Amino acid sequence: PDPKVKLRFEWDWKGAERELRRANELKTDYPSAHQWYAAYRTSQQIYQESGAESRVHSNRMEYLRSGTKLASQIASIQLTATEEVQILCSIAREQIAIGNFEAGNLILRRWAQPGKWPKLDSLNPYAAADLLFTLGTLIGCVAGAKRVSHGQKQAEAFLNGSIALFEQLGTTSRSVEAQVELSRCFYRQGLFDVARDTLSSALSDLPDDQTEIKSVALVLWGVVERDSGRLISSLTKLREASRLEVVGRLVTGRCYHELATTLKELAISEKEPMHSDEAKVHFMRALYESEAIGNHRLAAAVENNTGFLLLSLGLLDKSEKHLLRSRRLFDGYSDNVRGAQVNETLARLYLETKQYSLAQRTIERAIETLELTDGEALLAEALTTKGVVASKLDRYTDAKRSFEAAYRVAERCGDHEGAGRALLIMFEEMGERLEQRETIQVSEKLQKLLATTQQTALLGRVEKSIVEIGLRTKRKDKH
């Protein structure tokens, strides 16, 4: 088997080293084997230095130096530009896959100019496509983690360029892989319908033997369905992904996490203990897989969603413990966007414990970050929570303004579920303070939500609110 595949997808260091050494022995004058062995050794060093959570922050600069060292080592070897790019891109993607975006940036620094199209003249078409794909993936990840204005749009441009080149070369699987990453950019912006259509088109072109790419695409599709409020559809996609015979913790860890997250949402929606129990099992598996390969960003995401599940179960002290660990990990990576997501969850926790002033400070911190990113669906969710906080503090004008802003942001990016949820919660929190004209408008918009949502508990709340609006309207008409 290809040692690069073993390194990237199985994280089998001993197996990778054994096969690379054997390649060197079989043909000592073959340069590629020596080049890949040097890349492997430095990649292993980066992994080891990113190590356990207790060492994440202290060794941060060490593994970044390792990334710089790798790039300079490869540049010093007698390679063509095409050979250099192919090795650097492969190693950079390994670092991106475990959340070391800074290392990926340093590895590709020679070939990337901020805000500019990379120079492709010296590369063959395949290497040029590979560079555009890797840079597009990296830029999208960085923009999804930090406050980067229009970062997803730049990532889209690079990925579209790679798709065009891969299609010209007839490399269908690589074209599909790039389309999956492109759909991830759409998803991060809250463009769920566009993301779904892109994934559907990509999978229809994928050869049957490309199970690893199919698994990644199905997991992402499950995420899109979940965040669109289609929980049953999400579970179907994620179950399908989990049944594929894919080897490697990079893939299985994320699948466990997203499956657990959808089960968590179903547990909350349907009040079904069986879903909660299964979600806990998959969260534990995801945490083990992510920590085993040093992917502390994924571990932080698992902790955040575990905290959310425990919050929904009323286990508030345990919930806060997981949420604070999640925020600590994200802060260590300067992952502002995901840190803001954790703060949004913490604000909900503080609402439950009636710590309204603390909830206000926490949600405002989250919104301050999200307003400077492309993540509009996340912003809409945070604005809804801000509306609830303001309502609890009897600041009804501010609450109404926040709910309406959440509705507009969600509608703008196509998050119809989020838009409806903002109006529903506004009516539940402050319906008595709305004018009759406003309540009728809310009712009409909630009817649309009623026709699309798959969440049982949300359906019940919507139906109850529509009935209540109708009764209030009749009472006011009599007077």
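None of the values given here were measured: they were computed from a predicted structure.
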Of all residues at least two apart in sequence or in a different chain, which pass the salt bridge (Lys or Arg N to Asp or Glu O under 4.0 Å) check with [X]?
X	answer
Arg408	none
Glu156	Lys153
Arg188	none
Glu371	none

Taking the side chain as every heavy atom from C-beta outward, state whether [X] and [Y] have any atom pair closer than 4.5 Å.
X	Y	result
Leu323	Phe308	no
Glu212	Val251	yes
Gln341	Leu378	yes
Glu411	His416	yes
Lys146	Ser334	yes
Glu258	Arg226	yes

Check side-chain hydrogen bond (donor to acceptor under 3.5 Å, both in side chains) between [X] and all other residues, then give those that pass, not counting sequence neighbours.
X	value
Thr385	Glu344
Lys400	Glu438
Arg184	Glu181
Glu303	His322, Arg325

*Does a donor on one side chain and an acceptor on the other come within less than 3.5 Å for Ser175 and Gln179?*
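Indeed, the side chains of Ser175 and Gln179 share at least one donor-acceptor pair under 3.5 Å.
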*Applying side-chain contact (heavy atoms from CB on, under 4.5 Å), name anything that partners Ile213, two or more places apart in sequence or on another chain.*
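Only Ser173, Val176, Glu177, Leu206, Gln210 meet the side-chain contact (heavy atoms from CB on, under 4.5 Å) criterion with Ile213.
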*Considering residues at least two apart in sequence or located in another chain, which fulfil the side-chain contact (heavy atoms from CB on, under 4.5 Å) criterion with Gln360?*
Glu364, Val389, Leu393, Arg395
*Classify the ring geometry between Phe133 and Phe166 as parallel (under 30°), tilted (30 to 60°) or perpendicular (over 60°).*
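Rings of Phe133 and Phe166: perpendicular, over 60°.
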Side-chain donor-acceptor contacts of residues 114-127 below 3.5 Å, not counting sequence neighbours, with atom names and distances?
unit_1, atom_1, unit_2, atom_2, d
Asn124, OD1, Tyr126, N, 3.2
Asn124, OD1, Ala127, N, 2.7
Tyr126, OH, Arg174, NH1, 2.8

*Please confirm whether the backbone N or O of Leu259 pairs with a side-chain atom of Thr262, one donor and one acceptor, at under 3.5 Å?*
no
*Ignoring hydrogens and geometry, is there a side-chain-to-backbone donor-acceptor pair from Asn295 to Ala97 under 3.5 Å?*
yes
_Ionic contact status for Arg328 with Asp331, cut-off 4.0 Å_ = no
*Does a salt bridge link Arg93 with Asp130, judged by any charged N lying under 4.0 Å from a carboxylate O?*
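Counted as a salt bridge, because a side-chain N and a carboxylate O are separated by less than 4.0 Å.
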*His257 NE2 to Lys264 NZ distance, which is reported to the nearest 0.5 Å*: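 It comes to 7.5 Å.
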Check residues 191-198 and write down every donor-acceptor pair under 3.5 Å in which the side-chain atom is one partner and the other belongs to a residue at least two apart or another chain.
unit_1, atom_1, unit_2, atom_2, d
Asp193, OD1, Arg196, NH1, 2.9
Arg196, NE, Glu225, OE2, 2.6
Arg196, NH2, Ser228, OG, 3.0
Thr198, OG1, Val194, O, 2.8

